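What follows is one structure encoded as C-alpha coordinates, with my remarks underneath.
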Amino acid sequence: MKKLLLVIFLLFSKLAFSIDIDDSIKSTIENNPKVRIAYEKLTESKELIENAYNQKLPTITSTISGTYSTSDSSTSTATTTPETFTDKYKLSLSQNLYDAGEKNLEIERSKLLFEKEVINFKITIQNLILSAIEGYLAVINYEKTLEASKKNFDSVTRFLDETITRFDLGSATLYDLQNAESAYAIAETNLFISQQNYNVSKITFNRIVGLDPINLEDVMDLSKNIDLNKFIQNIEKNNYSLALLNNDIENTSILLSKEKLSNKASIDLSTSIEYSDSGRIDSGTEKTNGTLGLTLTIPIFQQNNDKSDIRKYQSQLLQAELTFEDTKQDLIIQASILYKDFLISKSNISSNNKQLMSIKTSLESIKEEYNIGTKTITDLIDAESELLTVNVNYHSSRKDMILNYFNIMALEGSLISTFEKFLPNYN
(Lines give C-alpha, C1' and ligand atoms only; values in the text may rest on other atoms or scores of the structure.)
Protein backbone atom coordinates (compact mmCIF):
# COMPACT_ATOMS: atom_id res chain seq x y z
CA MET A 1 0.00 0.00 0.00
CA LYS A 2 2.85 2.34 0.84
CA LYS A 3 4.38 1.80 -2.60
CA LEU A 4 1.09 2.51 -4.27
CA LEU A 5 1.03 5.93 -2.63
CA LEU A 6 4.23 6.76 -4.50
CA VAL A 7 2.65 5.98 -7.87
CA ILE A 8 0.93 8.36 -10.19
CA PHE A 9 -1.84 5.89 -10.74
CA LEU A 10 -4.92 5.57 -12.84
CA LEU A 11 -8.26 5.08 -11.14
CA PHE A 12 -10.95 3.96 -13.49
CA SER A 13 -14.70 4.08 -13.02
CA LYS A 14 -16.23 0.73 -12.18
CA LEU A 15 -18.96 0.83 -14.81
CA ALA A 16 -20.39 -2.42 -16.08
CA PHE A 17 -18.24 -3.97 -18.81
CA SER A 18 -15.50 -1.35 -18.31
CA ILE A 19 -11.81 -2.27 -18.31
CA ASP A 20 -9.45 -0.60 -15.87
CA ILE A 21 -5.66 -0.73 -15.78
CA ASP A 22 -5.67 -3.67 -13.33
CA ASP A 23 -7.87 -5.67 -15.69
CA SER A 24 -5.48 -4.88 -18.53
CA ILE A 25 -2.36 -5.94 -16.62
CA LYS A 26 -4.02 -9.06 -15.24
CA SER A 27 -5.19 -10.18 -18.67
CA THR A 28 -1.77 -9.44 -20.21
CA ILE A 29 0.09 -11.55 -17.64
CA GLU A 30 -2.41 -14.39 -17.85
CA ASN A 31 -2.76 -14.58 -21.64
CA ASN A 32 0.31 -13.16 -23.36
CA PRO A 33 2.46 -16.00 -24.81
CA LYS A 34 5.70 -14.21 -23.89
CA VAL A 35 4.83 -14.72 -20.22
CA ARG A 36 4.30 -18.43 -20.73
CA ILE A 37 7.60 -18.78 -22.57
CA ALA A 38 9.48 -16.93 -19.80
CA TYR A 39 7.75 -19.08 -17.17
CA GLU A 40 8.78 -22.30 -18.94
CA LYS A 41 12.38 -21.07 -18.99
CA LEU A 42 12.12 -20.68 -15.22
CA THR A 43 10.88 -24.24 -14.89
CA GLU A 44 13.74 -25.43 -17.08
CA SER A 45 16.39 -23.59 -15.06
CA LYS A 46 15.12 -25.14 -11.80
CA GLU A 47 16.42 -28.47 -13.11
CA LEU A 48 19.96 -27.04 -13.09
CA ILE A 49 19.79 -26.79 -9.29
CA GLU A 50 18.40 -30.31 -8.98
CA ASN A 51 21.11 -31.67 -11.26
CA ALA A 52 23.88 -29.88 -9.34
CA TYR A 53 22.74 -31.44 -6.06
CA ASN A 54 22.45 -34.85 -7.71
CA GLN A 55 26.13 -34.69 -8.74
CA LYS A 56 27.05 -35.17 -5.07
CA LEU A 57 25.11 -38.44 -4.83
CA PRO A 58 26.75 -41.84 -5.47
CA THR A 59 26.42 -43.70 -8.74
CA ILE A 60 24.94 -47.19 -8.36
CA THR A 61 24.74 -49.66 -11.23
CA SER A 62 23.51 -53.23 -11.46
CA THR A 63 24.35 -55.72 -14.20
CA ILE A 64 22.99 -59.20 -14.91
CA SER A 65 24.54 -61.44 -17.57
CA GLY A 66 24.16 -65.03 -18.76
CA THR A 67 26.73 -66.97 -20.81
CA TYR A 68 26.16 -70.34 -22.48
CA SER A 69 29.18 -72.36 -23.66
CA THR A 70 29.79 -75.82 -25.11
CA SER A 71 32.92 -77.64 -26.34
CA ASP A 72 33.89 -81.06 -27.72
CA SER A 73 36.72 -83.00 -26.08
CA SER A 74 38.08 -86.37 -27.41
CA THR A 75 40.59 -88.80 -25.97
CA SER A 76 41.62 -92.33 -27.00
CA THR A 77 39.05 -93.75 -24.68
CA ALA A 78 36.16 -91.28 -24.69
CA THR A 79 34.52 -88.28 -26.26
CA THR A 80 32.75 -85.61 -24.12
CA THR A 81 30.68 -82.55 -24.91
CA PRO A 82 30.35 -80.49 -21.73
CA GLU A 83 27.82 -77.60 -21.60
CA THR A 84 27.75 -74.73 -19.12
CA PHE A 85 25.49 -71.77 -18.48
CA THR A 86 27.00 -69.12 -16.26
CA ASP A 87 24.93 -66.30 -14.81
CA LYS A 88 26.47 -63.29 -13.10
CA TYR A 89 24.98 -60.62 -10.85
CA LYS A 90 27.01 -57.52 -10.10
CA LEU A 91 26.27 -54.41 -8.01
CA SER A 92 28.66 -51.44 -8.26
CA LEU A 93 28.84 -48.17 -6.35
CA SER A 94 31.08 -45.18 -6.93
CA GLN A 95 31.24 -42.02 -4.85
CA ASN A 96 33.40 -38.95 -4.92
CA LEU A 97 34.77 -38.31 -1.42
CA TYR A 98 36.72 -35.14 -2.06
CA ASP A 99 36.77 -32.71 -5.01
CA ALA A 100 38.17 -29.57 -3.35
CA GLY A 101 34.67 -28.04 -3.29
CA GLU A 102 33.98 -28.03 -7.03
CA LYS A 103 30.51 -29.58 -6.73
CA ASN A 104 29.49 -27.10 -4.05
CA LEU A 105 30.53 -24.29 -6.38
CA GLU A 106 28.41 -25.79 -9.13
CA ILE A 107 25.39 -25.86 -6.80
CA GLU A 108 25.96 -22.19 -6.03
CA ARG A 109 26.31 -21.45 -9.74
CA SER A 110 23.08 -23.30 -10.61
CA LYS A 111 21.22 -21.11 -8.11
CA LEU A 112 22.70 -18.04 -9.79
CA LEU A 113 21.54 -19.27 -13.20
CA PHE A 114 18.05 -19.79 -11.83
CA GLU A 115 18.11 -16.29 -10.33
CA LYS A 116 19.16 -14.97 -13.74
CA GLU A 117 16.05 -16.52 -15.30
CA VAL A 118 13.95 -15.01 -12.51
CA ILE A 119 15.33 -11.59 -13.42
CA ASN A 120 14.68 -12.23 -17.13
CA PHE A 121 11.16 -13.33 -16.22
CA LYS A 122 10.59 -10.06 -14.34
CA ILE A 123 11.99 -8.07 -17.26
CA THR A 124 9.54 -9.81 -19.61
CA ILE A 125 6.64 -9.07 -17.26
CA GLN A 126 7.78 -5.47 -16.80
CA ASN A 127 8.04 -4.83 -20.55
CA LEU A 128 4.57 -6.29 -21.09
CA ILE A 129 3.14 -4.17 -18.27
CA LEU A 130 4.63 -1.06 -19.89
CA SER A 131 3.23 -2.13 -23.27
CA ALA A 132 -0.20 -2.73 -21.72
CA ILE A 133 -0.15 0.67 -20.01
CA GLU A 134 1.05 2.40 -23.17
CA GLY A 135 -1.62 0.64 -25.22
CA TYR A 136 -4.25 1.51 -22.63
CA LEU A 137 -3.30 5.17 -22.57
CA ALA A 138 -3.01 5.29 -26.36
CA VAL A 139 -6.61 4.12 -26.71
CA ILE A 140 -7.79 6.73 -24.20
CA ASN A 141 -5.69 9.47 -25.81
CA TYR A 142 -6.92 8.72 -29.33
CA GLU A 143 -10.49 8.37 -28.03
CA LYS A 144 -10.28 11.86 -26.49
CA THR A 145 -8.66 13.23 -29.63
CA LEU A 146 -11.40 11.64 -31.74
CA GLU A 147 -14.06 13.27 -29.55
CA ALA A 148 -12.37 16.66 -29.95
CA SER A 149 -12.03 16.14 -33.72
CA LYS A 150 -15.73 15.26 -34.01
CA LYS A 151 -16.72 18.41 -32.11
CA ASN A 152 -14.42 20.47 -34.33
CA PHE A 153 -15.82 18.82 -37.46
CA ASP A 154 -19.41 19.45 -36.36
CA SER A 155 -18.64 23.11 -35.63
CA VAL A 156 -16.82 23.64 -38.92
CA THR A 157 -19.60 21.86 -40.81
CA ARG A 158 -22.13 24.20 -39.22
CA PHE A 159 -19.96 27.20 -40.11
CA LEU A 160 -19.72 26.02 -43.72
CA ASP A 161 -23.49 25.59 -44.00
CA GLU A 162 -24.00 29.08 -42.57
CA THR A 163 -21.43 30.58 -44.92
CA ILE A 164 -23.02 28.92 -47.99
CA THR A 165 -26.41 30.32 -46.96
CA ARG A 166 -24.97 33.77 -46.34
CA PHE A 167 -23.00 33.63 -49.61
CA ASP A 168 -26.19 32.80 -51.50
CA LEU A 169 -27.87 35.76 -49.79
CA GLY A 170 -24.93 38.02 -50.65
CA SER A 171 -23.87 38.75 -47.06
CA ALA A 172 -20.66 36.65 -47.27
CA THR A 173 -17.76 37.07 -49.66
CA LEU A 174 -16.16 34.43 -51.88
CA TYR A 175 -13.13 34.59 -49.59
CA ASP A 176 -15.34 33.70 -46.61
CA LEU A 177 -16.79 30.72 -48.50
CA GLN A 178 -13.38 29.44 -49.63
CA ASN A 179 -12.01 29.82 -46.10
CA ALA A 180 -14.94 27.84 -44.69
CA GLU A 181 -14.52 25.12 -47.32
CA SER A 182 -10.78 24.91 -46.56
CA ALA A 183 -11.46 24.62 -42.83
CA TYR A 184 -14.05 21.91 -43.53
CA ALA A 185 -11.53 19.89 -45.57
CA ILE A 186 -8.93 20.17 -42.81
CA ALA A 187 -11.46 19.19 -40.12
CA GLU A 188 -12.60 16.23 -42.23
CA THR A 189 -8.99 15.05 -42.63
CA ASN A 190 -8.30 15.47 -38.91
CA LEU A 191 -11.40 13.44 -38.10
CA PHE A 192 -10.34 10.67 -40.48
CA ILE A 193 -6.81 10.54 -39.01
CA SER A 194 -8.19 10.50 -35.45
CA GLN A 195 -10.56 7.66 -36.32
CA GLN A 196 -7.78 5.59 -37.90
CA ASN A 197 -5.43 6.19 -34.96
CA TYR A 198 -8.18 5.14 -32.58
CA ASN A 199 -8.90 1.96 -34.58
CA VAL A 200 -5.23 0.96 -34.70
CA SER A 201 -4.76 1.66 -30.98
CA LYS A 202 -7.65 -0.72 -30.16
CA ILE A 203 -6.12 -3.46 -32.32
CA THR A 204 -2.71 -2.97 -30.67
CA PHE A 205 -4.28 -3.02 -27.22
CA ASN A 206 -6.12 -6.26 -27.99
CA ARG A 207 -2.91 -7.86 -29.33
CA ILE A 208 -1.00 -7.11 -26.13
CA VAL A 209 -3.72 -7.48 -23.50
CA GLY A 210 -6.11 -9.93 -25.13
CA LEU A 211 -9.17 -7.76 -24.33
CA ASP A 212 -11.22 -5.20 -26.19
CA PRO A 213 -10.90 -1.65 -24.80
CA ILE A 214 -14.52 -1.08 -23.77
CA ASN A 215 -15.61 2.02 -21.80
CA LEU A 216 -12.11 3.07 -20.84
CA GLU A 217 -12.33 5.97 -18.39
CA ASP A 218 -9.62 7.49 -16.24
CA VAL A 219 -9.19 9.89 -13.36
CA MET A 220 -5.57 10.75 -12.60
CA ASP A 221 -3.80 12.00 -9.50
CA LEU A 222 -1.19 14.44 -10.81
CA SER A 223 -0.04 15.77 -7.45
CA LYS A 224 2.78 13.32 -6.73
CA ASN A 225 6.42 14.37 -7.02
CA ILE A 226 9.66 12.50 -7.70
CA ASP A 227 12.98 12.96 -5.95
CA LEU A 228 15.76 12.56 -8.53
CA ASN A 229 18.45 11.56 -6.00
CA LYS A 230 16.23 8.87 -4.50
CA PHE A 231 15.30 7.75 -8.00
CA ILE A 232 18.99 7.24 -8.88
CA GLN A 233 19.65 5.42 -5.58
CA ASN A 234 16.79 3.03 -6.32
CA ILE A 235 18.23 2.34 -9.77
CA GLU A 236 21.60 1.40 -8.30
CA LYS A 237 19.91 -0.99 -5.87
CA ASN A 238 17.01 -2.47 -7.84
CA ASN A 239 17.44 -2.01 -11.61
CA TYR A 240 17.00 -5.33 -13.44
CA SER A 241 19.69 -4.66 -16.05
CA LEU A 242 22.22 -4.04 -13.29
CA ALA A 243 20.96 -7.15 -11.48
CA LEU A 244 21.66 -9.23 -14.60
CA LEU A 245 25.16 -7.79 -14.94
CA ASN A 246 25.86 -8.41 -11.27
CA ASN A 247 24.66 -11.99 -11.77
CA ASP A 248 27.15 -12.34 -14.64
CA ILE A 249 29.96 -11.09 -12.38
CA GLU A 250 29.13 -13.67 -9.69
CA ASN A 251 28.72 -16.43 -12.26
CA THR A 252 32.10 -15.67 -13.86
CA SER A 253 33.71 -15.57 -10.40
CA ILE A 254 32.44 -19.08 -9.73
CA LEU A 255 33.67 -20.34 -13.10
CA LEU A 256 37.07 -18.86 -12.31
CA SER A 257 37.11 -20.55 -8.90
CA LYS A 258 36.11 -23.89 -10.44
CA GLU A 259 38.88 -23.61 -13.01
CA LYS A 260 41.45 -22.96 -10.28
CA LEU A 261 40.26 -26.14 -8.56
CA SER A 262 40.76 -28.21 -11.72
CA ASN A 263 44.42 -28.86 -10.77
CA LYS A 264 43.53 -29.98 -7.26
CA ALA A 265 43.55 -33.61 -6.15
CA SER A 266 40.33 -35.62 -5.93
CA ILE A 267 39.48 -38.83 -4.08
CA ASP A 268 36.94 -41.36 -5.32
CA LEU A 269 35.59 -44.49 -3.70
CA SER A 270 34.43 -47.49 -5.72
CA THR A 271 33.07 -50.82 -4.54
CA SER A 272 31.37 -53.80 -6.18
CA ILE A 273 29.89 -57.18 -5.26
CA GLU A 274 29.64 -59.99 -7.81
CA TYR A 275 28.01 -63.42 -7.69
CA SER A 276 28.35 -66.04 -10.45
CA ASP A 277 27.06 -69.61 -10.89
CA SER A 278 28.26 -71.83 -13.73
CA GLY A 279 26.28 -74.94 -12.73
CA ARG A 280 22.88 -74.30 -14.27
CA ILE A 281 23.23 -77.27 -16.72
CA ASP A 282 26.04 -79.50 -15.47
CA SER A 283 27.79 -79.43 -12.14
CA GLY A 284 29.77 -76.20 -11.80
CA THR A 285 31.05 -73.69 -9.31
CA GLU A 286 29.59 -70.72 -7.48
CA LYS A 287 31.69 -67.65 -6.89
CA THR A 288 31.17 -64.51 -4.81
CA ASN A 289 33.58 -61.60 -5.22
CA GLY A 290 33.78 -58.23 -3.52
CA THR A 291 36.05 -55.27 -4.29
CA LEU A 292 36.73 -51.98 -2.58
CA GLY A 293 38.86 -49.31 -4.22
CA LEU A 294 40.07 -45.85 -3.32
CA THR A 295 41.46 -43.66 -6.09
CA LEU A 296 43.51 -40.51 -5.61
CA THR A 297 43.75 -38.39 -8.77
CA ILE A 298 46.39 -35.66 -8.92
CA PRO A 299 46.47 -33.55 -12.10
CA ILE A 300 50.10 -32.92 -13.07
CA PHE A 301 50.02 -31.44 -16.56
CA GLN A 302 46.94 -30.62 -18.66
CA GLN A 303 48.59 -29.11 -21.74
CA ASN A 304 48.40 -25.71 -19.97
CA ASN A 305 44.67 -25.58 -20.81
CA ASP A 306 43.83 -24.91 -17.17
CA LYS A 307 46.09 -21.85 -17.08
CA SER A 308 44.64 -20.57 -20.34
CA ASP A 309 41.07 -20.98 -19.04
CA ILE A 310 41.98 -19.19 -15.81
CA ARG A 311 43.29 -16.21 -17.77
CA LYS A 312 40.16 -16.29 -19.95
CA TYR A 313 37.81 -16.16 -16.94
CA GLN A 314 39.91 -13.45 -15.31
CA SER A 315 39.49 -11.37 -18.45
CA GLN A 316 35.76 -12.08 -18.61
CA LEU A 317 35.39 -11.10 -14.95
CA LEU A 318 37.11 -7.77 -15.55
CA GLN A 319 34.92 -7.16 -18.63
CA ALA A 320 31.78 -7.90 -16.59
CA GLU A 321 32.82 -5.49 -13.84
CA LEU A 322 33.61 -2.73 -16.35
CA THR A 323 30.31 -3.33 -18.16
CA PHE A 324 28.45 -3.08 -14.85
CA GLU A 325 29.99 0.32 -14.03
CA ASP A 326 29.52 1.60 -17.58
CA THR A 327 25.86 0.54 -17.64
CA LYS A 328 25.26 2.13 -14.24
CA GLN A 329 26.52 5.47 -15.53
CA ASP A 330 24.37 5.15 -18.66
CA LEU A 331 21.32 4.43 -16.50
CA ILE A 332 21.99 7.52 -14.39
CA ILE A 333 21.99 9.63 -17.58
CA GLN A 334 18.84 7.85 -18.76
CA ALA A 335 17.22 8.53 -15.37
CA SER A 336 18.04 12.24 -15.62
CA ILE A 337 16.55 12.45 -19.12
CA LEU A 338 13.43 10.56 -18.05
CA TYR A 339 13.05 12.78 -14.98
CA LYS A 340 13.40 15.88 -17.20
CA ASP A 341 10.79 14.54 -19.65
CA PHE A 342 8.45 13.82 -16.74
CA LEU A 343 8.73 17.39 -15.46
CA ILE A 344 8.28 18.81 -18.98
CA SER A 345 5.17 16.73 -19.65
CA LYS A 346 3.77 17.70 -16.25
CA SER A 347 4.42 21.37 -17.02
CA ASN A 348 2.82 20.96 -20.44
CA ILE A 349 -0.32 19.62 -18.81
CA SER A 350 -0.60 22.69 -16.63
CA SER A 351 0.13 25.00 -19.56
CA ASN A 352 -2.31 23.29 -21.91
CA ASN A 353 -5.00 23.24 -19.26
CA LYS A 354 -4.71 27.00 -18.80
CA GLN A 355 -4.73 27.51 -22.58
CA LEU A 356 -7.88 25.40 -22.84
CA MET A 357 -9.66 27.57 -20.30
CA SER A 358 -8.51 30.72 -22.05
CA ILE A 359 -9.48 29.52 -25.55
CA LYS A 360 -12.90 28.31 -24.40
CA THR A 361 -13.58 31.72 -22.86
CA SER A 362 -12.29 33.44 -26.00
CA LEU A 363 -14.40 31.20 -28.24
CA GLU A 364 -17.58 32.08 -26.34
CA SER A 365 -16.73 35.75 -26.69
CA ILE A 366 -16.03 35.40 -30.43
CA LYS A 367 -19.34 33.58 -30.94
CA GLU A 368 -21.23 36.46 -29.28
CA GLU A 369 -19.34 39.02 -31.36
CA TYR A 370 -19.99 36.95 -34.49
CA ASN A 371 -23.71 36.98 -33.75
CA ILE A 372 -23.73 40.79 -33.55
CA GLY A 373 -21.54 41.11 -36.63
CA THR A 374 -18.22 42.33 -35.16
CA LYS A 375 -16.39 39.02 -35.82
CA THR A 376 -16.19 37.05 -39.07
CA ILE A 377 -16.61 33.36 -39.76
CA THR A 378 -12.83 33.20 -40.19
CA ASP A 379 -12.36 34.31 -36.60
CA LEU A 380 -14.70 31.51 -35.43
CA ILE A 381 -12.93 28.85 -37.51
CA ASP A 382 -9.50 29.95 -36.28
CA ALA A 383 -10.67 29.79 -32.66
CA GLU A 384 -12.17 26.31 -33.17
CA SER A 385 -8.94 25.07 -34.80
CA GLU A 386 -6.86 26.46 -31.97
CA LEU A 387 -9.14 24.74 -29.44
CA LEU A 388 -8.68 21.41 -31.23
CA THR A 389 -4.88 21.79 -31.30
CA VAL A 390 -4.62 22.58 -27.59
CA ASN A 391 -7.07 19.78 -26.77
CA VAL A 392 -4.89 17.27 -28.64
CA ASN A 393 -1.74 18.63 -26.99
CA TYR A 394 -3.36 18.42 -23.55
CA HIS A 395 -4.29 14.74 -23.88
CA SER A 396 -0.90 13.89 -25.39
CA SER A 397 0.85 15.58 -22.47
CA ARG A 398 -1.22 13.58 -19.98
CA LYS A 399 -0.33 10.36 -21.80
CA ASP A 400 3.37 11.29 -21.91
CA MET A 401 3.47 12.20 -18.23
CA ILE A 402 1.92 8.93 -17.08
CA LEU A 403 4.15 6.88 -19.38
CA ASN A 404 7.21 8.75 -18.12
CA TYR A 405 6.23 7.99 -14.55
CA PHE A 406 5.70 4.28 -15.18
CA ASN A 407 9.00 4.18 -17.10
CA ILE A 408 10.65 5.72 -14.05
CA MET A 409 9.13 2.97 -11.92
CA ALA A 410 10.42 0.36 -14.37
CA LEU A 411 13.92 1.83 -14.36
CA GLU A 412 14.10 1.75 -10.57
CA GLY A 413 12.63 -1.78 -10.42
CA SER A 414 9.42 -0.93 -8.55
CA LEU A 415 6.85 -1.34 -11.34
CA ILE A 416 6.27 -5.08 -10.89
CA SER A 417 5.59 -4.77 -7.16
CA THR A 418 2.57 -2.58 -7.96
CA PHE A 419 1.01 -5.44 -9.95
CA GLU A 420 2.56 -8.34 -8.02
CA LYS A 421 -0.82 -9.85 -7.16
CA PHE A 422 -1.23 -10.83 -10.81
CA LEU A 423 2.12 -12.66 -11.11
CA PRO A 424 2.26 -16.47 -11.25
CA ASN A 425 4.17 -18.26 -8.51
CA TYR A 426 7.69 -18.89 -9.79
CA ASN A 427 9.47 -20.06 -6.60
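The structure displayed is predicted, hence computed values, not measured ones. Just so you know, residue 1 is the first one in the sequence shown, and it goes up from there.
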Under the 3.5 angstrom rule, does the side chain of [X] hit a backbone N or O of [Y] as a donor-acceptor pair?
X	Y	value
Asp326	Leu322	no
Asn246	Leu242	no
Asn407	Leu403	yes
Ser365	Thr361	no
Thr327	Phe324	no
Ser397	Asn393	yes
Ser171	Arg166	yes

Side chains of [X] and [Y]: does their closest heavy-atom pair fall under 4.5 Å?
X	Y	value
Phe114	Val118	yes
Asn141	Arg398	no
Lys41	Asn120	no
Ile332	Ile235	no
Ile267	Leu294	yes
Leu356	Leu387	yes
Glu40	Ile37	no
Leu380	Glu384	no

Are a donor atom and an acceptor atom from the side chains of [X] and [Y] found within less than 3.5 Å of each other?
X	Y	answer
Gln319	Ser315	yes
Asn104	Lys56	yes
Asn229	Gln233	no

Output, in order, the C-alpha distance, side-chain angles, deciding distance and verdict of side-chain hydrogen bond (donor to acceptor under 3.5 Å, both in side chains) for Thr157 and Asp154.
CA-CA 5 Å; Thr157 301; Asp154 291 341; 5.3 Å; no
>> Students often mix this up, so state it plainly: with edges at 30° and 60°, are the rings of Tyr184 and Phe153 parallel, tilted or perpendicular?
In response: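 Taking Phe153 first and then Tyr184, their aromatic rings sit tilted (interplane angle of 30° to 60°).
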| request: Could you tell me whether Lys328 and Glu325 have a side-chain N and a carboxylate O separated by less than 4.0 Å? | output: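 Counted as a salt bridge, because a side-chain N and a carboxylate O are separated by less than 4.0 Å.
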Salt-bridge test for Glu147 and Lys150: reply yes if a basic N is under 4.0 Å from a carboxylate O, no otherwise.
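Here Glu147 does not pair with Lys150 in a salt bridge, since their nearest N and O are not under 4.0 Å apart.
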Within 6.0 angstrom of Lys116 NZ, more than 12 heavy atoms from elsewhere
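12 or below, so no.
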Can you confirm whether Ile273 is buried at CD1, in the sense that more than 12 heavy atoms of other residues, nucleotides or ligands lie under 6.0 Å from that atom?
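Counting neighbours around CD1 of Ile273, 12 or fewer heavy atoms of other residues, nucleotides or ligands fall under 6.0 Å, so no.
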Show which side-chain atoms of residues 187-194 pair as donor or acceptor with protein atoms under 3.5 Å away, not counting sequence neighbours.
{"from": "Thr189", "atom 1": "OG1", "to": "Ala185", "atom 2": "O", "distance (Å)": "2.9"}
{"from": "Asn190", "atom 1": "ND2", "to": "Ile186", "atom 2": "O", "distance (Å)": "3.4"}
{"from": "Ser194", "atom 1": "OG", "to": "Ser149", "atom 2": "OG", "distance (Å)": "2.8"}
{"from": "Ser194", "atom 1": "OG", "to": "Asn190", "atom 2": "O", "distance (Å)": "2.9"}

